[in-house]
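Have a look at the structure below before the remarks.
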Amino acid sequence: MSGDHGHHDSQIDSGSWVNDSHKHKDKHKDKERKHKDHKKDKEREKSKCSNSEYKNLSEKKHKDKVKHKDGSLERHKDKHRDKEKRREDKSKSSSVDGKLKKEKENGFARWELSDPVTVEPPRIKSELDDDDFYPSPKHEKSLKREHDNDDYEFKPKKIKIENEKKAKKRRQEEDEEEDIKPKKKTRDRKGAGEGDGKKKAKKDPEEKWKWWEEERYTDGSKWRFLEHKGPVFAPPYDRLPSNVKLYYDGKPIKLGAQAEEVATFFAKMLDHEYTTKDIFRKNFFKDWRKEMTSEEKSKISDLNKCDFTDMSEYFKTQSEAKKQMTKEEKLKIKGENERILQEYGFCVMDNHKERIGNFRIEPPGLFRGRGDHPKMGMLKRRVRPEDIIINCSKDSTHPKAPPGTRWKEVRHDNKVTWLVSWTENIQGSIKYIMLNPSSRIKVSSTAPLHAPPGTRWKEVRHDNKVTWLVSWTENIQGSIKYIMLNPSSRIKGEKDWQKYETARRLKKCVDRLRGQYRDDWKSKEMRIRQRAVALYFIDKLALRAGNEKEEGETADTVGCCSLRVEHIRLYHEIDGQEFVVEFDFLGKDSIRYYNKIPVEKRVFKNLQLFLENKQPEDDLFDRLNTSILNKHLQELMDGLTAKVFRTYNASITLQQQLKELTCPDDNIPAKILSYNRANRAVAILCNHQRAPPKTFEKSMQNLQTKIDAKKDQLFEARRELKSAKADAKVRRDEKAKKAVEMKKKAVERAEEQLMKLEVQATDREENKQIALGTSKLNYLDPRISVAWCKKWNVAIEKIYNKTQREKFAWAIDMADDDFEF
DNA sequence: AGACGAACTTAGGATGCGACTG
DNA sequence: CAGTCGCATCCTAAGTTCGTCT
């Protein structure tokens, strides 16, 4: 049986693929099974140190990275739709009524304004009735997509005490779900003295907020309070100096501001091979002409006669000059950036200041799609305030300073409770406006949010069912772009955690599902067979779902459900293997997927059937699409979709590979190499490739030089040790003994350093065309890595850099060394 | 049931920047 | 102290999924 499974070793180990009798879709039953199911994983402790397993993985699946082959099929270019028109004016969506209030505030008292000072009141939420606001339990029940446990309920602090019992129950269940693991020590450890870790105020402002110890919203809302400063716009266009010109047919032309700006976009890309491509040039020229005055238009009719080199040179000089700037100048720019970050880079969401992910609006420029993109070269328009939709809570509107005046300062300090302060002139003491102690509401920071002078937003809405702060519609594809929070934020973290919990639930029923789709290979119905074979590919090869795409609008790429006949080849026998399928197609980002794998006979026969009477450009799975597939998966397990398989298989493979590759006796660098190899196995599975770094060869050489030098040094050190020993034999005094010790240490040090370098070289070589980052960031349950680090005493910093540690703070805090995915 | 739109995750490449080196 | 190198961060395109509308 195991021979059938190509490179995907993890699956062999994590359970049989053979049918088991569980066919029912009842999730309650599922729960009962929970305990038994994954104990078996435990016993596979081995001290086997060979890397053969890893090698298997990487060798069997060799791929090339080739972006977009040419000659894509014309049939994909007929439909053209006017999307933009339809999208226009859809934005009048209902705003969620915002009798908003705060809760979950880690113990801050809820206050109300103490006296109605005549100063324009800052946004303080008025009295509200909680009953309206918090969803009733029934309501909550009906919501899906919560974290994995069924009756998770959010309750505001205030009524929390009454619900303590429920919460306890919930927690118990959570732990049960995680079964084999002992109670979460981490939580207890940290929570000690904090009484559930929830009620106490954050006395120490440095202490990081542990959102994962709090309860989640279950009413579908994403936040109660949201305030931010809006986006940072791209700097306005700066005209070229008058001596820098475009040359047309050898003659200089001074362009108007609009056409000039677009011309500079092209000039800046002149060195890029993009600008030599026909489609790029055609698209660019068409859009450029739209920006020209009629006079310019009549003069400039052939892009080939345009000479941008003068402009291009100018920009090169500019960037050179920028590099040559003095330290002070650079420091000044850095300071300014920091100021902007502090002002716009954070928002307040539910009483916590959180980092925003991308607070800058994308600047205008020429669109560069990936692969053979039909729209490459088109002008990406400048985004104006009138294009922007702001999302925030109703009660977050800013206090504007009276006309013609401004506040001394607007501060965003959510560590203090005052709203307004000033220094009085008698004692020079600071006066405050604060909240009324009886208030149940606490107000967070104030932030003026207005469109730049003379402009206005397209819309301001208050929708707490979504997580974005700012959105606009982009003009190339007509799609919506968003400003959202940073991965370290609660809102992203919770979702991430939930994703892995869903994958862990899949782990528990994956055997049943595999059994089912194997059965379905025999189905009388074509659509069922197709579904089952597609699912098999998604599971075994970690393919993406593969939605249909609008033809001619984007590069021609496919995923599982959208595979075409031309993307696979069948071999009855090849390279001594039977029933081999060869995949060759462009996937997401036009990254080539190439793989040759043996499949089971039944799959092979099915594929032959699917191919009958079809043209190369026909769909392989003509009775299937992602919607059908996902609907089916949803019936098999709550929350299951095609992409959960990728997450599951990635994470289980990491766990598996770590077990196999980690040698207890290895030193730290060798352990890290093992980790990277396990990570690499996943990256190979998920087909995460990268272009070999331009400096790869050189950097390998440098490393080799270092290794050689270290070898010499070691040789020398050994020689010295020898002579010191000899010397000690003769002299037999303390000093000589000490010298021997010293030399011994030196040898050891050199040995270790050499080893480290060699390991580094191996690692880098193996990593030439493989990108580890994507899987690490998006597919591998961080708790697996954290547990591994704890188990083998490897510092977490060796595995995750600062940003990653921020993103995975939840996992680092909660996972113990015995965590099992 | 299929088209469409919105929201959110996943992705590789470009750019920035700090540490190291010569 | 300039130049190099490698990693971190930024950027934004390209996916998936889900809900709504027809």
Side-chain angles (χ1 to χ4, degrees), chain A residues 65 67 79 81 83 86-87 90-91 93 144-145 220 222 269 272 319 322-324 327 330 333-334 337 357-363 365 367-371 373 375-376 380 389 391 463 465-468 471 473-474 476-487 491-492 495-496 499 544-550 553-555 557-562 586-591 625-631 633-634 639-644 646-647 650 683 686-691 693-696 698-699 702-703 706 760 764 770-771 773-775 777-779 800-804:
Chain A
K65 174 169 188 163
K67 298 202 144 188
K79 286 184 275 174
R81 301 227 174 114
K83 262 188 175 172
R86 254 178 274 127
R87 285 199 174 117
K90 264 288 191 166
S91 43
S93 102
K144 39 175 186 182
R145 334 212 95 257
K222 307 295 171 70
M269 301 170 89
H272 206 290
S319 69
K322 207 177 158 193
K323 272 185 214 153
Q324 300 304 319
K327 237 192 247 154
K330 281 183 182 165
I333 293 175
K334 203 177 151 191
N337 280 335
N358 54 328
F359 53 90
R360 288 172 199 274
I361 299 279
E362 297 170 18
F367 176 79
R368 314 146 77 133
R370 314 238 169 104
H373 203 295
K375 296 191 172 180
M376 64 169 85
K380 195 166 90 169
I389 302 170
N391 193 32
D463 181 357
K465 298 283 190 283
V466 299
T467 67
W468 52 267
S471 78
T473 302
E474 152 272 340
I476 305 284
Q477 316 278 359
S479 66
I480 306 170
K481 300 263 183 162
Y482 303 93
I483 288 180
M484 291 185 182
L485 296 197
N486 186 285
I491 209 147
K492 293 289 186 188
K495 201 77 190 298
D496 207 36
K499 173 181 77 188
R544 296 187 184 84
N547 287 297
E548 296 113 292
K549 305 171 62 181
E550 208 146 8
E553 298 289 301
T554 60
T557 62
V558 297
C560 186
C561 295
S562 50
L586 298 183
K588 182 178 179 181
D589 291 324
S590 293
I591 297 290
N625 62 37
T626 53
S627 166
I628 295 170
L629 180 65
N630 280 336
K631 223 167 263 166
L633 292 175
Q634 182 61 45
L640 185 62
T641 63
K643 88 188 184 81
V644 177
R646 245 167 107 79
T647 312
C686 294
N687 200 35
H688 292 142
Q689 302 188 39
R690 63 168 184 173
K694 286 177 205 86
T695 54
F696 186 83
K698 201 172 162 199
S699 112
N702 287 346
L703 203 51
K706 270 190 192 168
Q760 204 185 343
R764 195 176 295 180
I770 298 166
T774 305
S775 49
L777 227 53
N778 300 300
Y779 288 103
Y800 291 136
N801 68 31
K802 184 163 152 283
T803 314
Q804 293 163 340

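So you know, we letter chains A, B, ... as the sequences are listed, proteins then strands, and number each from 1. Only this structure's heavy atoms are used, side chains among them; waters, hydrogens and symmetry mates stay out.
Dashed line: the shortest gap from a side-chain N or O of A:Thr774 to OP1 or OP2 of B:dG12 is under 4.0 Å. Residue A:Asn547 places no side-chain N or O under 4.0 Å from the OP1 or OP2 atom of C:dG15. An OP1 or OP2 oxygen of C:dA14 is reached within less than 4.0 angstrom by a side-chain nitrogen or oxygen of A:His373. Within the structure, every side-chain polar atom (N or O) of A:Lys375 is placed at least 4.0 Å from both OP1 and OP2 of C:dA14. Between A:Asn801 and C:dA8 there is a side-chain N or O to OP1 or OP2 distance below 4.0 Å. Listed pair A:Lys222 / B:dC8 meets the phosphate criterion, a side-chain N or O lying under 4.0 Å from OP1 or OP2. Checking the phosphate oxygens (OP1, OP2) of C:dA13, no side-chain nitrogen or oxygen of A:Thr554 falls inside 4.0 Å. An OP1 or OP2 oxygen of B:dT10 is reached within less than 4.0 angstrom by no side-chain nitrogen or oxygen of A:Lys588. One finds no side-chain N or O of A:Asn358 lying less than 4.0 angstrom from the OP1 or OP2 phosphate oxygen of C:dC11. Dashed line: the shortest gap from a side-chain N or O of A:Arg370 to OP1 or OP2 of C:dT12 is not under 4.0 Å. The side chain of A:Lys549 contributes an N or O atom lying less than 4.0 Å from OP1 or OP2 of C:dG15. Listed pair A:Thr641 / C:dT17 meets the phosphate criterion, a side-chain N or O lying under 4.0 Å from OP1 or OP2. In this model, the phosphate group of B:dC8 is not approached by any side-chain N or O of A:Lys481 to a distance below 4.0 Å at OP1 or OP2. In this structure, A:Lys643 does not reach the C:dG15 phosphate: none of its side-chain N or O atoms is under 4.0 Å from OP1 or OP2.
In this structure, A:Asn630 reaches the sugar-phosphate backbone alone: every heavy-atom distance under 4.0 Å involves primed, P, OP1 or OP2 atoms, never a base. Using a 4.0 Å heavy-atom distance criterion, A:Tyr779 is classed as a sugar-phosphate-only contact. Counting non-hydrogen atoms under 4.0 angstrom, A:Ser627 reaches nothing in the nucleic acid. Residue A:Gly546 is in sugar-phosphate contact alone, with no base atom involved, counting any heavy-atom pair closer than 4.0 Å across all strands shown.
DNA chain C is contacted by both A:Arg360 and A:Arg544; A:Arg360 maps to the nucleotide lying nearer its 5′ end (nearest heavy atom per residue). Where A:Trp468 and A:Lys631 meet DNA chain B, the nucleotide closest to each residue was compared, and A:Lys631 sits on the side nearer the 5' end. Map A:Gly587 and A:Ile361 each onto its nearest nucleotide of DNA chain C; the residue landing nearer the 5' end is A:Ile361. Residue A:Glu548 is the one, among A:Glu548 and A:Ala771, whose nearest nucleotide of DNA chain B lies closer to the 5' end (criterion: closest heavy atom).
More than 12 heavy atoms of other shown residues, nucleotides or ligands fall within 6.0 angstrom of atom NZ in A:Lys330.
Spacing between atom NZ of A:Lys465 and atom P of B:dA6 amounts to 18 Å, rounded to whole angstrom units. Atom CD1 of A:Ile333 is separated from atom C1' of B:dT15 by 15 Å (rounded to the nearest Å). B:dA7 atom P lies 12 Å from atom NZ of A:Lys492, rounded to whole Å.
The A:Tyr482 side chain lies nearest to B:dA6 when the options are C:dT4, B:dA11, B:dA6. When each of B:dA7, B:dT10, C:dC11 is scored by its nearest atom to the side-chain atoms of A:Val466, the top-ranked nucleotide is B:dA7. Of all nucleotides listed (C:dC5, B:dT10, B:dG12), B:dG12 comes nearest to the side chain of A:Asp589. Nearest nucleotide to the A:Pro363 side chain, out of C:dT16, C:dT12, B:dA11: C:dT12.
The nearest pair of heavy atoms linking A:Asp589 to A:Arg370 is OD1-NH1, 2.8 Å.
Remark: side-chain polar atoms of A:Lys375 are paired, donor with acceptor, to backbone N or O of A:Ile476 under 3.5 angstrom. Between the side chain of A:Asn358 and the main chain of A:Tyr482, a donor-acceptor pair closer than 3.5 Å is present.
For the side-chain contact (heavy atoms from CB on, under 4.5 Å) criterion with A:Asn687, the lone passing option out of A:Ile770, A:Thr774, A:Ile591 is A:Ile591.
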If you write DNA chain B from 5' to 3' in dot-bracket form, with Watson-Crick or G-U pairs under 3.5 Å, [ ] for crossing pairs and | for pairs with another strand, what do you get?
||||||||||||||||||||||
